[in-house]
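Report on the following structure.
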Amino acid sequence: MIRIYNTLSQQKEEFQPIEPGKVRMYVCGMTVYDYCHLGHARVLVAFDVITRYLRHRGYDVHYVRNITDIDDKILQRAEENGEKFSDLTARMIKAMHEDEARLGVLSPTEEPCATDYINEIVAMIHKLVSSGHAYAADNGDVYFSVESYPEYGKLSKKKLEDLVAGARVDVQEAKRSPADFVLWKAAKPGEVSWPSPWGDGRPGWHIECSAMSNRCLGETFDIHGGGPDLLFPHHENEIAQSECANGHTFVNTWMHAGAIRVNKEKMSKSLGNFFTIREIFEKYPPEVVRYFLVSSHYRSQVDYSEDNLAEAGRTLTRLYHALRGLVPAKDVPETEHDRRFAEAMDDDFNTAGAIAVLHAVANEINQHRREGRDEQASEQAAVLVRLGSILGLLQQDPESFFQADTGSELSADDIEAMIQARADARKRKDFAEADRIRDELAEKGVILDDSREGTSWRRG
RNA sequence: GGCGCGGUGGCAGAGUGGUUAUGCAGCGGACUGCAACUCCGUGUACGCCGGUUCGAUUCCGACCCGCGCCUCCA
């Protein structure tokens, strides 16, 4: 039995898919006007692990993650760059796919782009206008009437009166209520636009997700996820649109990832602590970044710092050390470790608890090898790789992980030659020379691991 | 001001009404030519004050502190 924390009910609930054995899940993806940052990575990895685990538990998961490829920021950035907006979005979508591949994130089942669903969007707006939940304003925009939906605020636990009184919402003459939000934006002269019953324009952000999820997954589906800052207003608005258009429940379980902070401060462009994934990959291997993200619970707030990443690197290294030189056995039956791993993951995807099991397996492997029990060691290695795959970790060949070229001046051949020279020196008991070679390698970031079978190396 | 989340050992980070989280770092030992890796052992915890209880870090209440959202944002 899997239990999942539902933002809507604010508690963990036993997960019951609408259709037995099948999970229909929608996650809000990026607006593609720039490279993915750490916050995107967190959501990408969190829902990747969730998908992997649900599949491991036997569910057929239909995972839809959209791409917002038309919006104010995209148009603004394209204009700054002097390029077509579609060239910008095509470039950023390609970059996003590269980034997520390096993070070990599996592709979603479907990845709809807003501009491919204009017809569905227009149809949904039309439905809302006809039923009195939306109205065309004098300025050519179409707005959703928040007051037409009594349950507005049920996800974010906000009261409409408070929102209106807050007065931080966009004050727009054309709106009937300050909390109303735009469904269709009238095009300014020269702007890219699509035809509609209310004139040429483009969709508002919130309606895209309602229309695409409706089309790809149906009117009611199991899980809807996204970043923490999407809870309000984006997801609240999606609920209002979808439930008014369809007349019944939109989503059963709402899931939100925790926020990323940087050196204990909010990540923001004005603070200058905004990291893209590719910047971080210049300093740390992608799998280390993934390990860092997975090592704490998906709903908790995590703090990015050099120290935390360095520690993640050391810890992941320990895990790969356990696998080094072993050929995982085939067809290893389920063990107590598998059971404990599942127990942690069943409890709202407790990856931190699950990783503790990985360490227990690694410890067992190391004990077996130390005692010369090779068969048991390779059996447990199979368990470690198997459990690792559910978290999207430990799938590389250990040597590839250890020896990935980070732009060092030494090639693998250089290093092998120096290790041979050191081995010769040790054989003739010239320890001064042997240590000199070891120190030289260490200075250049290469760490040696001696064992009975010989010397192996890794880049530190 | 409104809504919500959290305060665990040097650090990161799970969890539990009474019993070892785990990792990193530290210390002692084994292994080693010396180290590293690995193994064994080891110390330091549950913001504060009340309450419930045989017993609370774990439940309840107050307080203090931190954080997020309330505007585009993953």
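Side chains of A:L8 and A:V251 form no contact here, defined as non-hydrogen atoms less than 4.5 Å apart. A:P112 is listed as a side-chain neighbour of A:C216, based on a closest heavy-atom distance under 4.5 Å. Counting heavy atoms from C-beta on, the side chains of A:V64 and A:V27 never come closer than 4.5 Å. In this structure, A:H235 and A:F250 have side chains that are not in contact, with every pair of non-hydrogen atoms separated by 4.5 Å or more. Within the 4.5 Å cutoff, the side chain of A:W205 has no heavy atoms near those of the A:D71 side chain. Annotation: side chain of A:R324 is not in contact with side chain of A:F401 (no heavy-atom distance under 4.5 Å).
Between the P atom of B:rC72 and the CZ atom of A:R77 lies a distance of 18 Å, rounded to the nearest Å. Rounded to whole angstrom, the span from the OH atom of A:Y35 across to the C1' atom of B:rA74 amounts to 19 Å. Separating the OH atom of A:Y304 from the C1' atom of B:rG13 is a distance of 19 Å, rounded to the nearest angstrom. Computed from coordinates, the A:R318 CZ to B:rG23 P distance equals 5 Å when rounded to whole Å. The separation between A:D348 atom CG and B:rG15 atom C1' is 14 Å, rounded to whole Å. Following rounding to the nearest Å, A:H256 (NE2) and B:rC73 (P) show an atom-to-atom distance of 13 Å. Taking atom CD of A:E343 as the reference point, atom C1' of B:rA14 lies 13 Å away to the nearest angstrom. The CZ atom of A:R202 sits 14 Å away from the P atom of B:rC72 (whole-angstrom rounding).
Aromatic ring orientation, A:H321 versus A:F402: tilted (interplanar angle from 30° to 60°). Ring geometry, A:Y304 versus A:F275: the interplanar angle falls from 30° to 60°, so the pair is classed tilted.
A heavy atom lying under 4.0 Å from RNA chain B marks the following residues of residues 223-233 of chain A, by number: A:G226, A:G227, A:P228, A:D229, A:L230, A:F232.
Residue A:E311 is classed as a base contact, given a heavy-atom separation below 4.0 Å to a base. Using a 4.0 Å heavy-atom distance criterion, A:A257 is classed as making no nucleic acid contact. Within the nucleic acid shown, A:K429 has no heavy atom closer than 4.0 Å to any nucleic acid atom. Residue contacts for A:L358: at a heavy-atom cut-off of 4.0 Å it reaches no nucleic acid atom on any strand shown. Base contact: A:G258 has a heavy atom under 4.0 Å from a base atom. Backbone-only engagement by A:H297 is indicated by non-hydrogen atom pairs under 4.0 Å involving sugar-phosphate atoms exclusively. Here A:E371 lies out of heavy-atom contact (under 4.0 Å) with every strand.
Across A:C28 and A:E238, no two heavy atoms sit closer than the pair SG-OE2, 3.6 Å.
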Report summary line: Readout for nucleotides 27-36 of chain B: B = base within 4.0 Å of protein heavy atom, S = sugar-phosphate only, - = neither; 5' to 3' it is ---B--BBBB
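The environment of CD in A:E375 is sparse: at most 12 heavy-atom neighbours from other residues, nucleotides or ligands sit within 6.0 Å. Within 6.0 Å of atom CZ in A:R340, 12 or fewer heavy atoms from other residues, nucleotides or ligands are found, so the atom counts as exposed in its surroundings. More than 12 heavy atoms of other shown residues, nucleotides or ligands fall within 6.0 angstrom of atom NZ in A:K154.
A cation-pi contact links A:R299 to A:Y5, judged by a cut-off of 6.0 Å to the six-membered ring centre and 45° from its axis.
The residue among A:V43 and A:K158 whose nearest nucleotide of RNA chain B is located toward the 5' end is A:K158. Between A:L38 and A:R299, the residue anchored closer to the 5' end of RNA chain B is A:R299, taking for each the nucleotide with the nearest heavy atom.
Not a single donor-acceptor contact under 3.5 angstrom links the side-chain atoms of A:Q301 to the base of B:rG68.
For A:N363, a side-chain nitrogen or oxygen approaches OP1 or OP2 of B:rC39 to under 4.0 Å. A sub-4.0 Å separation between OP1 or OP2 of B:rU22 and a side-chain N or O of A:H359 is absent. OP1 and OP2 of B:rU38 both lie 4.0 Å or more from every side-chain N or O belonging to A:R369. Applying the 4.0 Å criterion to OP1 and OP2 of B:rC39, one finds that A:N366 has a side-chain N or O inside that range. Taking side-chain N and O atoms only, A:K264 has no distance below 4.0 Å to OP1 or OP2 of B:rG68. Checking the phosphate oxygens (OP1, OP2) of B:rG15, a side-chain nitrogen or oxygen of A:N350 falls inside 4.0 Å.
The existence of a salt bridge linking A:E14 and A:R3 is excluded, since no basic side-chain nitrogen approaches an acidic carboxylate oxygen closer than 4.0 Å. The pair A:R386-A:D338 meets the salt-bridge criterion, since a charged nitrogen lies less than 4.0 angstrom from a carboxylate oxygen.
A gap of 49 Å separates the C1' atoms of B:rU38 and B:rU52, to the nearest Å. The separation of B:rG17 from B:rU58, taken at their P atoms, amounts to 11 Å, rounded to a whole angstrom. With both ends at atom C1', the span from B:rG43 to B:rG29 equals 16 Å, rounded to whole Å. On the C1' atoms, B:rU57 is 8 Å away from B:rA45, given to the nearest whole Å. Distance noted for atom P between B:rU32 and B:rA21: 33 Å (whole Å). For the P atoms, the distance linking B:rC3 with B:rC63 amounts to 14 Å, nearest Å. B:rC65 sits 16 Å from B:rC49 when the P atoms are compared, rounded to a whole Å. For B:rA30 and B:rU22, the C1' atoms lie 24 Å apart once the distance is rounded to whole Å.
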Query - Pairing pattern in dot-bracket form [Watson-Crick, G-U; both distances under 3.5 Å; | = partner strand] for RNA chain B - result: (((((((..(((.....[...))).(((((.......)))))....(.(((..]....))).))))))))....
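Between B:rA74, B:rA14, B:rG68, one nucleotide has an atom nearer to the side chain of A:M267 than all others, and that is B:rA74.
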